[in-house]
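Below is one structure; the comments refer to it alone.
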Amino acid sequence: MKTLDDLLAEGVEGRRVLVRADLNVPLDGKTITDDGRIRAVLPTLRALSEAGARVIVASHLGRPKGAPDPKYSLEPVAQRLGELLGRPIAFATDTVGESARSVTASLASGDVALLENLRFNAGETSKDEAERGAFADELAALVEAYVDDAFGAVHRKHASVYDVAQRLPHFAGGLVLRELEVLVKLTGQAGDTARPYIVVLGGSKVSDKLAVIEALLPKVDKLLVGGGMCFTFLKAQGHEVGKSLLEADMVDTCRDLLDRAAGRIVLPVDVAAASEFSADASWDVVPVSEIPADRLGLDIGPASVSLFAEALAPAKTVFWNGPMGVFELAPFASGTRGVAEAITKVDGFTVVGGGDSAAAVRTLGLDDAAFGHISTGGGASLEYLEGKTLPGVAALEQ
Ligand SMILES: Nc1ncnc2c1ncn2[C@@H]1O[C@H](COP(=O)(O)OP(=O)(O)OP(=O)(O)O)[C@@H](O)[C@H]1O
Ligand SMILES: O=C(O)[C@H](O)COP(=O)(O)O
């Protein structure tokens, strides 16, 4: 795989370079609530700009439906990117149209531009190769070289991730390289995963994470399951879960996993059971065997935090993905905070697997530096650990 260093060694002075970044940051209206993904790509942008490239950055934001939607404009991101880089960013109000062409044409050496949301174009995410290819042609026409530094999107077979690489000299950015270097240590491939190896999974969707549980089960010593997804497992264990999140069609699969795991899947023993999905709900901590029929579990309880902390204490390797509860609502953030704190005390290598978990670490005021690595990829890190081929990585390798 050719890397950013190879491109810099070739010389980039005056060359137009497209950098695919993952600037898909959480927004509250127009306010960025966590700019971690913007910060993560700064070294690549700085290196190219300082070497005299004309840098054109492209990203998706959210999941607009293939047409412009102001709610998903990257304009606030351009603003923040400019502040962090300490230089003005030229913002194109489209991705490959009139504005993009004129902005890229007018860049001087060292300048940086950001294109509008890639997903405002149906071709970006299309399953039809010709449609994706046509959009990739338009993107490629703007530049002379391509750097992929969008680790969070390498699992997507999208035009800007996959097809563009086939049309231009392509290079892996520093963030993509660093993420792969760290995550390979958790696959067991290199045979150097220090034990005990404990995986903590939470978040809302069991169905999304079953494949990763399947893939990791033979490799890990313990798998701690919290968050919305634990209720499908609790149901499979024979508990009633009231109005908690439940994927009824996954109960049998969870039961099968629990049988095969022979005690290595650890579930909460108590939960915060609330009257409604709201910060103002009335709620109590109850044992998992006593969740009232009219309540929903929005967090793991204190006994579960202690149980998980005890399991984590001897760990030498930890991977954590997905919050333990609805941490966005203050009363239900304790489980996530407690487990995150237990992970920071681990005397070993700890990785936070992206998305909401990384945002939780920062919004709960925990110290980034207390974790070995905070991945910028949620789905991407999980698919990598599952052992799937990541289209973005495959394209860079070709
Ligand atoms: N008990 C619960 N009931 C309902 N929702 C929950 C519960 N616990 C956690 N969640 C929600 O799960 C969401 C995160 O789920 P998701 O599966 O997307 O996690 P993630 O893997 O960190 O995300 P990403 O894929 O972006 O990395 C959070 O918004 C949180 O509020
Ligand atoms: O947030 C993410 O995991 C990445 O930015 C990918 O976004 P997507 O799941 O909408 O493709």
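Both counts, for ligands and for their atoms, begin at 1 and track the order of listing.
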Give the atom numbers and elements of ligand 1 that come within less than 4.0 Å of a heavy atom of Gly322. 22 (O)
Tell me which protein heavy atom sits closest to atom 23 (O) of ligand 1, plus the residue, atom name and distance to 0.1 Å. Asp356 OD2, 3.3 Å
Stepwise salt bridge (charged side-chain N to carboxylate O under 4.0 Å, His left out) check, Glu181 with Arg178: CA-CA 5 Å; Glu181 211 176 272; Arg178 199 165 63 251; over 6 Å; no
Non-hydrogen atom of His158 closer than 4.0 Å to ligand 2: no
Geometric N/O contact Gly228 with ligand 1, under 3.5 angstrom: yes
Salt-bridge test for Arg260 and Asp256: reply yes if a basic N is under 4.0 Å from a carboxylate O, no otherwise. yes
Looking at atom 26 (O) of ligand 1, what's its closest protein heavy atom, distance included? Gly355 CA, 3.4 Å
Taking C-beta and beyond as the side chain, do Arg337 and Phe327 meet within less than 4.5 Å on heavy atoms? no
Quick test: of every protein heavy atom, which one is nearest to atom 7 (O) of ligand 2, and how far off is it to 0.1 Å? His60 NE2, 3.3 Å
For atom 3 (O) of ligand 2, find the nearest protein heavy atom and state the residue, atom name and distance (0.1 Å precision). Arg37 NH2, 3.6 Å
Between Leu201 and Met324 the two heavy atoms that sit nearest each other are O-CE, 3.6 Å
How about Lys30: does its NZ atom have over 12 heavy atoms from other parts shown lying under 6.0 Å from it? yes
Evaluate side-chain hydrogen bond (donor to acceptor under 3.5 Å, both in side chains) for Thr376 paired with Glu179, printing each intermediate quantity in order. CA-CA 8 Å; Thr376 52; Glu179 292 268 18; 2.6 Å; yes
Numbering the atoms of ligand 1 from 1, which are under 4.0 Å from a heavy atom of Gly227? 1 (N), 8 (N)
Considering heavy atoms of the protein only, find what lies nearest to atom 6 (C) of ligand 1 and give residue, atom and distance to 0.1 Å. Val326 CG2, 3.5 Å
Is Gly152 in contact with ligand 2, taking contact as a heavy-atom separation below 4.0 Å? yes
Does the residue Phe231 have a heavy-atom contact with ligand 1, meaning some pair of atoms that are separated by less than 4.0 Å? yes
Could an N or O of ligand 1 be found under 3.5 Å from any N or O of Ser204, whether backbone or side chain? yes
Numbered in order shown, the ligand 1 atoms found under 4.0 Å of a heavy atom of Ser357 are 22 (O)
for atom 8 (P) of ligand 2, nearest protein heavy atom and its distance come out as Arg63 NH2, 3.5 Å
Other residues, nucleotides and ligands only: do more than 12 of their heavy atoms fall within 6.0 Å of CD on Glu240? no
Would you call Leu139 and Ser160 a side-chain contact if the rule is heavy atoms closer than 4.5 Å? yes
Out of all atoms in ligand 1, which are within 4.0 Å of some heavy atom of Gly378? Include the element for each. 27 (O)
Quick one about Arg87 and Ser49 (side-chain donor to acceptor, distance below 3.5 Å, no hydrogens or angles considered), yes or no? yes
Which protein non-hydrogen atom lies closest to atom 21 (O) of ligand 1, naming both residue and atom, and how far is it? Lys209 NZ, 2.8 Å
What atoms of ligand 2 come within less than 4.0 Å of a heavy atom belonging to Asp22? 4 (C), 5 (O)
Which one of Gly379, Gly203, Gly297, Gly325 has a non-hydrogen atom at the shortest distance from atom 1 (N) of ligand 1? Gly297
In terms of atom number and element, which parts of ligand 1 are under 4.0 angstrom from non-hydrogen atoms of Leu298? 1 (N)
Charged N to carboxylate O under 4.0 angstrom, Glu276 versus Arg295? no
Among all protein heavy atoms, pick out the one at the shortest distance from atom 28 (C) of ligand 1; state its residue, atom name and that distance to 0.1 Å. Glu328 OE2, 3.3 Å
salt_bridge(Arg80, Glu83) N-O dist < 4.0 Å: yes
Please determine whether residues Leu258 and Phe308 belong to a single hydrophobic cluster, defined as Ile, Leu, Val, Met, Phe, Trp and Tyr linked transitively by side-chain heavy-atom distances below 4.5 Å. no
Please confirm whether Met229 approaches ligand 1 to less than 4.0 Å, judged on its heavy atoms. no
Presence of salt bridge, Glu247 and Lys209, under 4.0 angstrom: no
Atoms of ligand 2 less than 4.0 Å from Arg156 heavy atoms? 8 (P), 9 (O), 11 (O)
Any idea which part of Asn321 is under 4.0 Å from ligand 1, heavy-atom wise: side chain, backbone, both or neither? side chain
Does atom CD (Glu10) have a neighbourhood of more than 12 heavy atoms from anything else shown, all under 6.0 Å? yes
Could you list the atoms of ligand 2 found under 4.0 angstrom from a heavy atom of Asn24? 1 (O), 2 (C), 4 (C), 5 (O), 7 (O)
